[in-house]
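Since this is a predicted model, take the numbers as computed values, not measurements. Positions are given from 1 along the sequence. Order of appearance sets the numbers: ligands from 1, and atoms from 1 within every ligand.
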Amino acid sequence: MIPAQFDYVAPGSLDEALSALRSGGEDAKVLAGGHSLLPLMKLRLAAPSLLVDLRKVPGLAGIQRENGTIRIGAMTRHVDVVNGGLGLVSEAASTIADPQVRHRGTLGGSLAHGDPASDMPAVLLAYEGSVTIRGDVGQRECAAADLFQDFLTTAVGDGEILTEIRMPAMDGYGFGYHKFNRRQEDWAMVAACALVKKGADGSCEDVRIGLTHMGSTPLRATAAEQALRGKPLDAQSIAAAAEQAAEGTDPPADLNASADYKRHLARVLTRRALEDASS
Ligand SMILES: Cc1cc2nc3c(=O)[nH]c(=O)nc-3n(C[C@H](O)[C@H](O)[C@H](O)COP(=O)(O)OP(=O)(O)OC[C@H]3O[C@@H](n4cnc5c(N)ncnc54)[C@H](O)[C@@H]3O)c2cc1C
C-alpha cells in the first residue's frame with residue numbers, strides 16, 4: 001500500500017503544467033483528484049516518476065452554459081457536477097461511489113482515465129459530446145466516439161492535458177440512468193443511460209443509449225436505438241427495443257457476473273432507463 005518513490009510539482013498555470021509533463025517524459029503523469037491514480041500507485045500497478053498536480057492551475061474547474069452547449073472544466077469535481085442541474089449528467093455523477101470520492105474525483109480525470117466501469121464515459125458518448133485536449137503544439141477537439149480507445153486507453157496522449165468537456169444541452173430530451181451494483185457505492189456491474197426526444201405525435205423522434213461495462217470501452221446500444229426511433233413510446237416498443245441492448249457488446253466476465261448475466265442486465269437496465277426517459 002506504499003507507492004514507489006516519485007517527484008511532485010503543483011504548477012500555477014497550464015503552460016507550466018505542460019512544460020513539467022514534457023520535462024518528465026513518458027513516466028510523468030497528471031494528478032487530478034487522485035482517486036484512480038493513487039490506488040493504482042499504492043498497488044504498484046502504476047509507478048510514475050513525476051506527478052503534475054493540476055489543482056493550482058486556474059480556469060480548469062467550473063460549469064458554463066452558452067448557446068445550447070454545456071462546458072465543464074476538466075477539474076470540476078463530481079460533487080459539483082451532481083449539484084450543477086445538468087439532467088442525466090448530474091444523475092449519473094450522483095451514483096459515483098461515496099461522498100469522499102465525489103468530493104475529490106474529477107470529471108476530466110474520469111474521462112482521461114477511460115475505465116469502462118466508470119459512470120461518466122458512457123454518458124459523454126450518449127450526448128455525443130467532445131473534449132478539448134491541450135498539448136505542446138496547441139489544442140484539439142476530440143469527439144467522445146474517438147476518445148475511448150481500449151481498456152484504460154484514451155486519445156489523451158503522454159504530455160497532454162484534457163482541459164474541457166463540451167456537451168449539447170439536449171433540451172427537450174427526457175433521461176434515465178440505471179446502474180446495477182452489489183452495494184450503493186460500488187462500481188457498475190453494468191449501467192445504462194438513455195436520452196429520449198418525443199415527437200409531436202408522441203413517437204420517438206430521437207434516442208441515445210449508453211452502456212457502461214459492456215466491453216473494454218463504453219458503448220452505444222445502436223441496435224436498440226434503431227429499433228425505437230420512429231416507434232410509439234409505449235411499454236411494448238420500449239421492451240422490444242431494449243431486448244436488443246446487448247447486440248454487439250462483449251462484456252468482460254468477472255467475480256460479480258458472467259458475460260451472459262451482464263447481457264441480461266444490459267437489457268433490463270436499458271428498458272428501465274428508456275421508461276424513465278419516456279415518461
Ligand atoms: C473507492 C472508489 C470507488 C469508486 N467508484 C466509482 C464509481 O462507482 N463510478 C465511477 O465512475 N468512478 C468511481 N471511482 C473513480 C473516481 O470517479 C475517480 O475520481 C475517477 O475515475 C478519476 O478521477 P480523478 O480526478 O480522481 O483522476 P486521477 O486519479 O487523478 O487520474 C486518473 C488518470 O487520469 C489522468 N488524468 C486525470 N486528469 C487528467 C487531465 N485533466 N488530463 C489528462 N490526464 C488526466 C491521470 O494522469 C491518471 O492517469 C471510484 C474511486 C474509488 C477510489
*Using side-chain contact (heavy atoms from CB on, under 4.5 Å) as the criterion, point out the one residue from R263, M214, R267 that pairs with V190.*
M214
*Measure across V52 and A20 and return the closest heavy-atom pair with its distance rounded to 0.1 Å.*
CG2-CB, 4.0 Å
*Closest non-hydrogen atom pair, D276 against G176*: CB-CA, 3.8 Å
*Over all heavy atoms of both residues, which pair between S203 and G230 is shortest? Give the atoms and the distance, please.*
CB-O, 4.0 Å
_Show me which atoms of ligand 1 lie under 4.0 Å from any heavy atom of V156._
43 (C)
*asked:* As an exercise, identify every atom of ligand 1 less than 4.0 angstrom from a heavy atom of A32.
replied: 25 (O), 27 (O), 30 (O), 37 (C), 38 (N)
*asked:* Tell me whether R104 has any N or O atom under 3.5 angstrom from an N or O of ligand 1.
replied: no
*Of the backbone atoms (N, CA, C, O) and the side-chain heavy atoms from C-beta on, which set of R55 has a member under 4.0 Å from an atom of ligand 1: side chain, backbone, both, or neither?*
neither
*Looking only at non-hydrogen atoms, which of D53, N181, I165, L162 approaches atom 40 (C) of ligand 1 most closely?*
L162
*Any non-hydrogen atom of D98 lying under 4.0 Å from ligand 1?*
no
_Tell me if a side-chain donor or acceptor on R104 pairs with a main-chain N or O of H78 at a distance below 3.5 Å._
no
_Option set A112, A93, S118, G114, criterion heavy-atom distance to atom 45 (C) of ligand 1, minimum_ = A112
*For atom CD of E26, decide whether the heavy atoms of other residues, nucleotides or ligands shown that lie under 6.0 angstrom number more than 12.*
no
_Taking the side chain as everything from C-beta on, heavy atoms only, tell me whether E160 gets closer than 4.5 Å to R134._
no
*From the candidates R102, E164, H35, the one that places a heavy atom nearest atom 53 (C) of ligand 1*: H35
*Please could you name the atoms of ligand 1 that E160 approaches to less than 4.0 Å, counting only its heavy atoms?*
43 (C)
*K29 heavy atoms, cut-off 4.0 Å: which ligand 1 atoms fall inside?*
47 (O), 49 (O)
_CG on N181 to CG on L265, rounded to 0.5 Å_ = 10.5 Å
*Per-atom contacts of ligand 1 with G105, taking only distances under 4.0 Å to non-hydrogen atoms*: 19 (O), 25 (O), 26 (O)
*Hey, is the main chain of V131 close enough, under 3.5 Å, to the side chain of R166 for a donor-acceptor pair?*
no
*Please identify which atoms of ligand 1 are closer than 4.0 Å to at least one heavy atom of G34.*
24 (P), 26 (O), 27 (O), 28 (P), 29 (O), 30 (O)
*asked:* Nearest non-hydrogen contact with atom 46 (C) of ligand 1 belongs to which option: V30, I133, T76, D158?
replied: V30
*Any M75 heavy atom less than 4.0 Å to ligand 1*: no
*Would you say T95 and ligand 1 have an N/O pair spaced under 3.5 Å apart?*
no
_Proximal candidate to atom 37 (C) of ligand 1 [heavy atom criterion; set G108, P48, G109, A46]_ = G109
*asked:* Under a 4.0 angstrom heavy-atom cut-off, which atoms of ligand 1 come close to D186?
replied: 8 (O)
*Short list, please: which atoms of ligand 1 are under 4.0 Å from a heavy atom of G33?*
24 (P), 25 (O), 26 (O), 27 (O), 30 (O)
